Amino acid sequence: IKGTKDDEIIIINPLDVTCFISQNNKVFALIGEEQYKIKERLYQLEEMMDENYIKINQSCLANIKRIDRFSSSLGGAIMVLFDNRYKDYISRRELKKFKERMGL
């Protein structure tokens with residue numbers, strides 16, 4: 001996968017990616033503290049990635065190997081905390097599939 005940042009093009013190893021996120025009609029790969037713009041759409045990345053990736057909401061495709069822990073809120077929402085301190089919520093739509101995949 002090719003990513004761009006500051007007019008540089010880099011080759012991204014999917015194993016290094018914490019998650020792919022969609023913001024403002026653009027897709028980014030999060031690697032550590034860095035964000036790299038990706039040409040592919042989120043659904044295309046989902047088709048390309050192996051079993052280490054799972055969609056947790058409409059705008060995030062997570063690398064399950066990079067999940068640090070989970071946190072639940074009073075409303076029942078589950079927040080995913082990644083090893084790079086990025087956090088996002090699991091949508092209700094994706095929750096059942098996520099729990100099955102993670103053995104929860």
Side-chain angles (χ1 to χ4, degrees):
I1 297 172
K2 293 178 188 170
T4 59
K5 182 178 181 182
D6 300 330
D7 297 327
E8 291 182 355
I9 298 172
I10 65 159
I11 303 299
I12 296 173
N13 181 346
L15 297 174
D16 297 332
V17 177
T18 300
C19 60
F20 294 99
I21 58 170
S22 175
Q23 295 177 334
N24 302 322
N25 292 323
K26 295 178 181 144
V27 176
F28 298 93
L30 301 184
I31 302 174
E33 302 287 321
E34 304 292 325
Q35 282 190 11
Y36 298 93
K37 187 171 183 260
I38 306 295
K39 181 176 70 172
E40 289 83 10
R41 308 310 298 156
L42 212 54
Y43 75 91
Q44 293 171 318
L45 290 167
E46 187 176 10
E47 292 171 0
M48 293 167 56
M49 294 300 121
D50 63 12
E51 68 277 353
N52 290 324
Y53 283 85
I54 187 165
K55 190 174 179 182
I56 63 170
N57 60 45
Q58 193 172 2
S59 61
C60 183
L61 181 62
N63 182 346
I64 59 176
K65 301 269 187 202
R66 299 285 181 168
I67 293 173
D68 190 31
R69 63 184 183 269
F70 306 102
S71 175
S72 60
S73 69
L74 292 174
I78 297 177
M79 181 171 49
V80 178
L81 299 143
F82 293 93
D83 58 4
N84 68 346
R85 297 190 186 130
Y86 179 74
K87 49 189 160 186
D88 209 338
Y89 287 92
I90 301 172
S91 70
R92 285 189 209 134
R93 176 181 283 178
E94 302 296 339
L95 187 58
K96 182 180 178 187
K97 185 173 22 169
F98 183 82
K99 283 183 172 181
E100 288 171 358
R101 184 82 168 278
M102 297 300 288
L104 302 174

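Source: prediction; values computed, not measured.
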Under 3.5 Å: donor-acceptor pair, side chain of Asn24, backbone of Lys26: no
Expected output: side-chain Arg92 to main-chain Ala77 donor-acceptor under 3.5 Å: no
Side-chain (Asn13) to main-chain (Leu15) donor-acceptor, under 3.5 angstrom: yes
Asp68 side chain vs Asp83 backbone, donor-acceptor pair below 3.5 Å: no
Value rounded to 0.5 Å, distance of OG1 in Thr18 from CD1 in Ile31: 7.5 Å
ILVMFWY cluster, Met102 and Phe82 together (side-chain gap under 4.5 Å): yes
Leu30 with Ile54, same ILVMFWY side-chain cluster at under 4.5 Å: yes
Heavy-atom donor-acceptor pair, Gln44 side chain to Arg41 backbone, under 3.5 Å: yes
Closest non-hydrogen atom pair between Ile90 and Glu94, with its separation: CG2-C, 4.2 Å
hydrophobic_cluster_shared for Val80 and Leu95, side chain cutoff 4.5 Å: yes
Single-linkage hydrophobic cluster, 4.5 Å side-chain cutoff, Ile56 and Phe70 together: yes
Gap separating the CD1 atom of Ile67 from the OH atom of Tyr86, nearest 0.5 angstrom: 12.0 Å
Salt bridge (Lys or Arg N to Asp or Glu O under 4.0 Å) between Lys97 and Glu100, worked out: CA-CA 5 Å; Lys97 185 173 22 169; Glu100 288 171 358; over 6 Å; no
Distance, nearest 0.5 Å, that separates CG of Asp88 from SG of Cys60: 4.5 Å
Gap separating the CG atom of Asn57 from the CZ atom of Arg93, nearest 0.5 angstrom: 11.0 Å
OH/Tyr89: more than 12 non-hydrogen atoms of other groups inside 6.0 Å: no
Parallel, tilted or perpendicular, as decided by the 30° and 60° cut-offs, for the rings of Phe20 and Tyr53: tilted
Minimum side-chain heavy-atom gap Val27-Glu40 below 4.5 Å: no
Any Ile21 side-chain heavy atom under 4.5 Å of Ser59 side chain: no
Check: Asp16 and Arg66 side chains under 4.5 Å, non-hydrogen atoms: yes
Heavy-atom side-chain proximity of Arg69 to Leu81 below 4.5 angstrom: yes
More than 12 heavy atoms from other groups under 6.0 Å of CD1 on Ile11: yes
Other residues, nucleotides, ligands: >12 heavy atoms within 6.0 Å of Gln23 CD: yes
Same apolar cluster (I L V M F W Y, side chains within < 4.5 Å links), Met49/Ile12: yes
Interatomic spacing from CG in Leu45 to CD1 in Ile38 - rounded to 0.5 Å: 7.0 Å
